[in-house]
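Reviewing the structure listed below.
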Number of protein chains: 2
Amino acid sequence: MSEKLTIGKLASATGTKVETIRYYEQIGLLPAPARSTGNYRTYEGEHLRRLSFIRRARDLGFSIDQVRELMGLADRREQSCMAVDVIANQHRDAITRKIADLTALAGELDALIDSCSRNTVADCRIIEALGPSDPC
Amino acid sequence: MSEKLTIGKLASATGTKVETIRYYEQIGLLPAPARSTGNYRTYEGEHLRRLSFIRRARDLGFSIDQVRELMGLADRREQSCMAVDVIANQHRDAITRKIADLTALAGELDALIDSCSRNTVADCRIIEALGPSDPC
DNA sequence: CTTGACCCTCTAGCGACTAGAGGGTGCATA
DNA sequence: TATGCACCCTCTAGTCGCTAGAGGGTCAAG
C-alpha cells in the first residue's frame with residue numbers, strides 16, 4: 001500500500017522528467033519528501049497522487065499558479081466548487097482568445113504566402129510586405 | 001532625407017519600446033547606430049526601415065531567428081525567394097499545429113466544465129477528473 | 001540655475017522548465 | 001573484493017523575448 005518510490009520511478013510513473021520533479025519541489029508545488037540514508041528522495045503514494053494532478057492540469061494548459069490554486073481548492077473538500085469552475089472558465093476563455101489570435105495570424109500569413117511568385121527576392125511579395133513602403 | 005532620430009523617436013515611430021530597441025541592438029538584430037557627443041544613439045532612415053521590418057515580422061509571429069534569416073535573405077535581392085517561402089510556410093505549419101492543439105484542449109476543457117454540477121468540492125467532477133483514479 | 005524629460009549602462013526578473021558540471025550511492029556481476 | 005554502470009545528489013546557468021529597476025548623465029526650456 002505505502003510503496004516508496006525513488007524520483008526516477010515517480011518520474012516514469014507520471015511521465016514527468018526527474019529535473020521537473022525537483023523543480024516542482026523547489027518552487028513549493030510538490031512537498032519535499034523524506035530522504036533515505038543515502039540522501040535519496042523517497043516518495044509515497046500521496047506524492048504520486050499530487051504529481052498526477054499537477055501533470056494533468058499542466059497538460060490541460062493551466063499555469064503553475066492556477067495549479068497551485070486548484071490544489072488548494074481540492075483540499076477543502078466541503079466547500080463549494082464554484083471557484084474551481086471560475087478558474088477553468090478563465091482558462092477556457094484565454095484559450096478561445098489564443099485560437100482567435102492564431103487564426104487571424106494564419107489568415108495574414110496565407111495571404112502573404114499566396115502572393116509569392118517564387119521569383120527573385122527583389123520582387124518577392126513576402127519581403128515587400130514585411131518591409132516599409134519605401135521601394136528602395 | 002537623412003533625418004537623425006533619437007531612440008525615443010525611433011521607438012514611437014515604430015511602436016517599439018526603447019528597451020526593446022536596445023535589446024535588439026544587443027543581440028545583433030539591429031545594427032549599432034552612431035553616437036552623439038552626449039553618447040546618445042543617433043538613428044538614420046536605414047534603422048527605421050530595418051526596425052519596421054523586424055516589427056512586422058514579429059507581429060506575424062516569426063521568431064527572432066526567423067527574422068534574422070528573413071533579413072539576411074532580403075538583402076540578397078538577386079537570389080531566388082524560395083528560401084523566404086520556405087520559412088513562411090514552416091511558420092504557417094507551426095501555427096496550424098498550435099491551433100489544432102489548442103482546439104483539442106478547448107474541447108477537453110469544455111467537457112470538464114460541462115460536468116461541473118456546482119456543488120461542493122468533494123463531488124466536483126473537475127477536481128475528480130484532474131485527480132488520479134483513487135476515489136479517496 | 002533648476003526642473004523635468006529624456007538618455008546611458010548594467011543587472012536581474014518573468015514562466016516553466018532544461019542542461020550540464022562535478023560528485024555520491026547502490027546493486028549486480030566477475 | 002573490485003569494478004562497472006545506472007541512478008541519485010546539489011548548484012549554476014541557459015532557453016525566449018523581452019521588461020523593469022537602480023543609479024547615473026544630458027539637454028532644452030523657463
Side-chain angles (χ1 to χ4, degrees), chain A residues 4-30 32-43 47 50-51 53-71 87 90-91 94-95 98 101-102 105, chain B residues 4-30 32-44 47 50-51 53-71 90-91 94-95 98 101-102 105:
Chain A
K4 312 273 190 190
L5 296 166
T6 64
I7 197 168
K9 305 276 168 139
L10 182 63
S12 56
T14 56
T16 316
K17 292 198 177 184
V18 166
E19 297 83 9
T20 305
I21 296 177
R22 284 196 281 248
Y23 169 71
Y24 286 162
E25 179 182 327
Q26 190 191 306
I27 63 170
L29 193 58
L30 194 63
R35 297 294 182 114
S36 74
T37 49
N39 201 30
Y40 283 19
R41 287 170 177 85
T42 53
Y43 293 98
H47 291 104
R50 292 227 155 216
L51 185 53
F53 186 101
I54 295 169
R55 287 301 318 154
R56 295 202 211 183
R58 293 285 304 128
D59 283 349
L60 285 170
F62 287 97
S63 72
I64 296 273
D65 269 357
Q66 284 175 324
V67 175
R68 225 187 282 268
E69 243 184 302
L70 285 173
M71 289 209 308
I87 295 177
Q90 278 172 356
H91 183 41
I95 289 175
K98 257 183 215 164
D101 287 353
L102 283 176
L105 212 57
Chain B
K4 312 273 190 188
L5 296 166
T6 63
I7 197 168
K9 306 275 168 138
L10 183 63
S12 56
T14 56
T16 317
K17 291 198 176 184
V18 166
E19 297 83 10
T20 305
I21 296 177
R22 284 196 282 247
Y23 169 71
Y24 285 163
E25 178 182 327
Q26 190 191 307
I27 64 169
L29 194 58
L30 195 63
R35 296 294 181 114
S36 73
T37 49
N39 201 31
Y40 283 20
R41 287 169 179 85
T42 54
Y43 293 97
E44 320 266 345
H47 291 105
R50 292 225 155 217
L51 184 54
F53 186 101
I54 294 168
R55 287 300 319 153
R56 295 201 211 185
R58 292 287 303 130
D59 283 348
L60 284 169
F62 287 97
S63 72
I64 295 272
D65 269 358
Q66 284 175 323
V67 174
R68 225 187 281 269
E69 243 185 302
L70 285 173
M71 290 208 307
Q90 279 172 354
H91 182 41
I95 289 175
K98 257 183 214 162
D101 287 353
L102 283 176
L105 213 57

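Throughout, protein chains are lettered first and strands after them, A, B, ... in sequence-line order, and every chain is numbered starting at 1.
Contact annotation: B:K17 side-chain N/O to D:dG17 OP1/OP2 distance is not under 4.0 Å. For the pair B:K9 and C:dC6, the criterion of a side-chain N or O lying under 4.0 Å from OP1 or OP2 is not met. Regarding contacts with the backbone of C:dT9, a side-chain N or O of B:R41 is found under 4.0 angstrom from either OP1 or OP2. The side chain of B:T37 contributes an N or O atom lying less than 4.0 Å from OP1 or OP2 of D:dC27.
For the pair A:I87 and A:E69, the minimum side-chain heavy-atom distance is below 4.5 Å. At a threshold of 4.5 Å between non-hydrogen side-chain atoms, the residues B:R56 and B:L60 do not count as touching. Residues A:V18 and A:R22 are in side-chain contact: their nearest non-hydrogen atoms beyond the backbone lie under 4.5 Å apart. Counting heavy atoms from C-beta outward, B:Y40 and B:I7 have side chains that stay 4.5 Å or more apart. Side-chain contact between A:K98 and B:K98 is absent, with no heavy atoms from C-beta onward closer than 4.5 Å.
Distances from the side chain of A:Y23 to the nucleotides D:dT19, C:dA16, D:dC8 place C:dA16 closest. Closest to the B:T6 side chain, of the nucleotides C:dC7, C:dC8, C:dA16, is C:dC7. Comparing D:dC18, C:dC17, C:dC7 by their closest approach to the side chain of B:T20 singles out D:dC18.
In this structure, A:E25 places its CD atom 17 Å from C1' of C:dT18, rounding to the nearest Å. Regarding A:L10, its CG atom lies at a distance of 15 Å from the P atom of D:dC7, rounded to whole Å. Taking atom CD1 on A:I54 and atom P on C:dA16, their separation rounds to 13 Å, with Å as the unit. Atom C1' of nucleotide D:dG17 and atom CZ of B:R22 are separated by 16 Å, given to the nearest angstrom. Here the P atom of nucleotide C:dT11 and the CD atom of B:E19 are 17 Å apart, to the nearest Å. One atom, CZ of A:R35, and another, C1' of C:dT25, lie 13 Å apart when rounded to the nearest Å. A:I64 has its CD1 atom 14 Å from the C1' atom of C:dT18, to the nearest Å. Rounded to an integer number of Å, the gap from A:Y40 OH to D:dC8 C1' is 4 Å.
Rounding to the nearest 0.5 Å places CG of B:L51 at 8.5 Å from CG of B:L29.
Nearer the 5' end of DNA chain D, as judged by each residue's closest nucleotide, is the contact made by B:D65, out of B:G38 and B:D65. Sequence order on DNA chain C of the closest nucleotides to B:Y43 and A:S63 puts B:Y43 first from the 5' end.
With respect to B:E44, the salt bridge (charged side-chain N to carboxylate O under 4.0 Å, His left out) criterion is satisfied by exactly one of B:K4, B:R50, B:K9: B:K4.
Every side-chain hydrogen bond (donor to acceptor under 3.5 Å, both in side chains) that B:D59 has, sequence neighbours left out, goes to B:R55.
A donor N or O paired with an acceptor N or O is not found under 3.5 Å between the base of D:dG17 and the side-chain atoms of B:Y24.
Direction of the helix axis in the helix from C:dC1-D:dG30 to C:dA30-D:dT1 shifts by 30° between the two five-pair termini, rounded to 10°.
Counting any heavy atom pair closer than 4.0 Å across all strands shown, A:I7 reaches sugar-phosphate atoms only and no base atom.
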